[in-house]
Undergrad: 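Here it is, the structure in full.
Along the sequence shown, residues are numbered consecutively beginning with 1.
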Amino acid sequence: MGRIICCGLGPGDPDLMSVRADRTVRAASHVAYFRKKGRPGQARRIVEGMLAPDVTEYPMEYPVTTEIAFDSVEYVQLLAGFHDEWAERLARLSRAVDVVVLCEGDPYFYGSFMHLHTRLQGRVEIEVIAGIPGMVGCWNGVGQPIALGDDVTTVLMGTLAEDELERHMRDSDALVVMKTGRNLAKVRRALSSAGRLDDAWLVERGTMPGERVVRLAEVDGGDCPYFAIVLVHGKGRHPDAAE
């Protein structure tokens with residue numbers, strides 16, 4: 001019996017992969033990774049030049065990404081069928097060989113592999129290799145501590161309703177907003193309403209070629225690539241500070 005090894009690749013720079021992840025990728029004979037149709041895929045780009053010459057690759061191409069609304073019945077059905085199909089294919093492959101599934105960031109932290117992980121439980125042996133989450137690479141790009149002392153840090157999805165975003169932004173010290181992209185204008189409005197816009201940073205392609213770190217207030221609301229995160233740093237509340 002083989003295994004399915006989900007390998008966390010870190011935030012994007014191959015130099016930030018763990019030694020274990022690097023060793024696993026280089027030794028792999030069968031490698032699978034998600035990608036948008038017609039694109040090489042971010043995970044595959046990270047390991048460019050690292051794979052064995054005789055490796056067998058399995059690009060898992062999404063049937064849809066942003067073409068239809070993510071909360072529509074059609075989208076949910078298409079993605080469910082896609083994940084069912086690939087869970088079955090990987091399960092069959094792993095009966096005889098180890099299959100390495102590439103995953104940006106850390107697989108257990110909003111990782112794409114988790115949709116397969118839930119479907120493969122009890123069917124095959126699964127190993128998950130930890131990776132540095134993408135947000136960590138982004139706040140290192142800003143060069144400031146994201147949180148100090150007893151700061152409360154909240155991770156938000158830009159797909160949330162604007163009033164929900166604003167409420168969490170008011171209630172937290174440090175903020176990380178993922179899935180910005182087409183939601184950037186909404187995120188900007190919520191930050192402005194919460195009085196946090198002037199403290200916000202936009203980090204595009206963190207640790208990758210073309211990295212850009214800029215104050216969000218200086219960026220047009222529609223100017224945002226897919227790989228972008230909004231950060232608001234905590235103020236450093238210290239439990240031992242004088243009242």
Undergrad: Locate the shortest heavy-atom distance separating Cys103 from Gly111; write the atom from each residue and the value.
TA: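 It is SG-CA, 4.0 Å.
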
Undergrad: Above 12 or not: heavy atoms from other molecules or residues under 6.0 Å from CZ of Arg39?
TA: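 12 or below, so no.
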
Undergrad: Are the side chains of Glu162 and Val187 in touch, meaning some heavy atoms are under 4.5 Å apart?
TA: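 SC-SC contact between Glu162 and Val187 ruled out.
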
Undergrad: Look up atom CG in Leu175 and atom CD1 in Ile229, then write down how far apart they are to the nearest 0.5 Å.
TA: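 The distance works out to 12.5 Å.
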
Undergrad: Between Met60 and Phe113, is any pair of side-chain heavy atoms under 4.5 Å apart?
TA: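 Met60 vs Phe113: side chains apart.
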
Undergrad: Are Phe82 and Leu120 joined in one hydrophobic group, where the rule is that I, L, V, M, F, W and Y side chains link up if heavy atoms are under 4.5 Å apart?
TA: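 Phe82 and Leu120: one cluster.
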
Undergrad: For the side chain of Asp151 and the backbone of Gly236, is there at least one donor-acceptor N/O pair under 3.5 Å apart?
TA: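 Judged by distance alone, yes, a pair lies under 3.5 Å.
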
Undergrad: Using atom types as modelled and distance alone, determine if a side-chain donor or acceptor of Ser193 lies under 3.5 Å from a backbone N or O of Arg189.
TA: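 Confirmed, Ser193 side chain pairs with Arg189 backbone.
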
Undergrad: Any Lys/Arg nitrogen of Arg119 or Asp84 sitting under 4.0 Å from an Asp/Glu carboxylate oxygen of the other?
TA: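 Looking at Arg119 and Asp84, the cut-off is met.
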
Undergrad: Are any of the side-chain nitrogens in Arg215 or Asp199 under 4.0 Å away from the carboxylate oxygens of its partner?
TA: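 Looking at Asp199 together with Arg215, the answer is no, because their closest N to O distance does not fall below 4.0 Å.
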
Undergrad: Has the side chain of Glu218 got a donor or acceptor atom that lies under 3.5 Å from a matching backbone atom of Val214?
TA: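 No; judged by distance alone, with no hydrogens or angles, the pair does not exist.
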
Undergrad: Rounded to the nearest 0.5 Å, how far does CG of Leu156 lie from OG of Ser172?
TA: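 If I round to the nearest 0.5 Å, the distance is 6.5 Å.
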
Undergrad: Side chains of Ile46 and Glu104: closer than 4.5 Å at any heavy-atom pair?
TA: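 Touching, per the 4.5 Å side-chain cut-off.
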
Undergrad: Whether Arg26 and Asp22 form a salt bridge (side-chain N of Lys/Arg under 4.0 Å from carboxylate O of Asp/Glu) is what I want to check.
TA: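 Yes, charged N to carboxylate O under 4.0 Å.
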
Undergrad: Find out whether Gln77 and Val73 are in side-chain contact, i.e. whether some heavy atom of one side chain is under 4.5 Å from a heavy atom of the other.
TA: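 Yes; the side chains approach each other to less than 4.5 Å.
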
Undergrad: Which one of Val203, Leu191, Val219 satisfies the side-chain contact (heavy atoms from CB on, under 4.5 Å) criterion with Val230?
TA: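 Among Val203, Leu191, Val219, the one that satisfies the side-chain contact (heavy atoms from CB on, under 4.5 Å) with Val230 is Leu191.
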
Undergrad: For Ser94 versus Ile4, what's the shortest heavy-atom pair and its separation?
TA: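 Nearest pair, atom of Ser94 first, then Ile4: CB-CG1, 3.8 Å.
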
Undergrad: Using a cut-off of 6.0 Å, state whether more than 12 heavy atoms not belonging to Lys186 lie near its atom NZ.
TA: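 Above 12, so yes.
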
Undergrad: Salt-bridge test for Arg167 and Glu164: reply yes if a basic N is under 4.0 Å from a carboxylate O, no otherwise.
TA: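 Yes, Arg167 and Glu164 are salt-bridged.
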
Undergrad: If you take all heavy atoms of Ala43 and Leu102, which pair is closest and at what distance?
TA: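 Distance-wise, the nearest heavy atoms are CB-CB, 3.8 Å.
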
Undergrad: Nearest 0.5 Å, what's the NE2-CZ distance between His115 and Phe34?
TA: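 Rounded to the nearest 0.5 Å, the NE2-CZ separation comes out at 7.5 Å.
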
Undergrad: Are Val124 and Val100 connected, step by step, through hydrophobic side chains (Ile, Leu, Val, Met, Phe, Trp, Tyr) whose heavy atoms are closer than 4.5 Å?
TA: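 Not linked; separate clusters.
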
Undergrad: For residues 127-145, please give each side-chain donor-acceptor pair under 3.5 Å, one per line with the distance, not counting sequence neighbours.
TA:
from   : atom 1 : to     : atom 2 : distance (Å)
Glu127 : OE1    : Arg3   : NH1    : 2.7
Glu127 : OE2    : Arg20  : NH2    : 2.4
Asn140 : ND2    : Val136 : O      : 2.8

Undergrad: Just verifying a value: how many Å separate His233 NE2 and Thr153 OG1, rounded to the nearest 0.5 Å?
TA: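 The NE2 atom of His233 sits 10.0 Å away from the OG1 atom of Thr153.
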
Undergrad: Looking at CE of Met208 and CG of Leu16, how far apart are the two atoms once the value is rounded to the nearest 0.5 Å?
TA: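 It is 11.0 Å, given to the nearest 0.5 Å.
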
Undergrad: Would a distance-only check, ignoring hydrogens and angles, find a side-chain to backbone donor-acceptor pair under 3.5 Å from His83 to Leu79?
TA: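 The answer is yes, because a donor-acceptor pair under 3.5 Å joins these two groups.
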
Undergrad: Taking a hydrophobic cluster as the set of Ile, Leu, Val, Met, Phe, Trp and Tyr residues connected by side-chain heavy atoms closer than 4.5 Å, whether directly or through intermediates, do Phe109 and Leu231 fall within one such cluster?
TA: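 Yes, one cluster joins them.
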
Undergrad: Side-chain contact test, heavy atoms from C-beta onward, threshold under 4.5 Å: evaluate it for Lys179 versus Tyr110 and give yes or no.
TA: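 The answer is no, as the side chains (C-beta and beyond) never meet within the 4.5 Å cut-off.
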
Undergrad: As an exercise, state the distance from CD of Glu166 to CG of Leu160, rounded to the nearest 0.5 Å.
TA: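 If we round to the nearest 0.5 Å, Glu166:CD and Leu160:CG are 13.0 Å apart.
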
Undergrad: Hey, does Val99 have a side-chain heavy atom less than 4.5 Å from the side chain of Ile5?
TA: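 Sidechains of Val99 and Ile5: no contact.
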
Undergrad: Show your reasoning for whether side-chain contact (heavy atoms from CB on, under 4.5 Å) applies to Cys7 and Val25.
TA: CA-CA 8 Å; Cys7 188; Val25 167; 3.9 Å; yes

Undergrad: Between Val47 and Leu9, is there a side-chain heavy-atom distance shorter than 4.5 Å?
TA: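 SC-SC contact between Leu9 and Val47 confirmed.
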
Undergrad: My understanding is that only one of Lys36, Arg35, Lys37 makes a side-chain hydrogen bond (donor to acceptor under 3.5 Å, both in side chains) with Glu61; could you say which?
TA: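 When side-chain hydrogen bond (donor to acceptor under 3.5 Å, both in side chains) is applied between Glu61 and each of Lys36, Arg35, Lys37, only Arg35 qualifies.
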
Undergrad: Under 3.5 Å, side chain of Ser18 to main-chain N/O of Ala21, donor-acceptor pair present?
TA: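 Yes: the side chain of Ser18 pairs with the backbone of Ala21.
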
Undergrad: Under 3.5 Å, side-chain donor or acceptor atoms of residues 50-58 against the rest of the protein: list the pairs with distances, not counting sequence neighbours.
TA:
from  : atom 1 : to    : atom 2 : distance (Å)
Glu57 : OE1    : Tyr33 : OH     : 2.6
Glu57 : OE1    : Arg44 : NE     : 2.9
Glu57 : OE2    : Arg44 : NH2    : 3.2
Tyr58 : OH     : His30 : ND1    : 2.9

Undergrad: Under the salt bridge (Lys or Arg N to Asp or Glu O under 4.0 Å) test, which residues partner Asp198, sequence neighbours left out?
TA: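 Here no residue qualifies.
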
Undergrad: Determine whether a donor-acceptor pair (N or O, by modelled atom type, separation under 3.5 Å) exists between the side chain of Arg123 and the backbone of Ala91.
TA: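 No, Arg123 side chain to Ala91 backbone: no donor-acceptor pair under 3.5 Å.
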
Undergrad: Is there a path of hydrophobic side-chain contacts, each under 4.5 Å between heavy atoms of I, L, V, M, F, W or Y residues, that connects Val31 with Met17?
TA: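 Same hydrophobic cluster.
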
Undergrad: Any heavy-atom pair between the side chains of Asp173 and Lys235 that's under 4.5 Å?
TA: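 Of all side-chain heavy-atom pairs linking Asp173 with Lys235, none is under 4.5 Å.
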
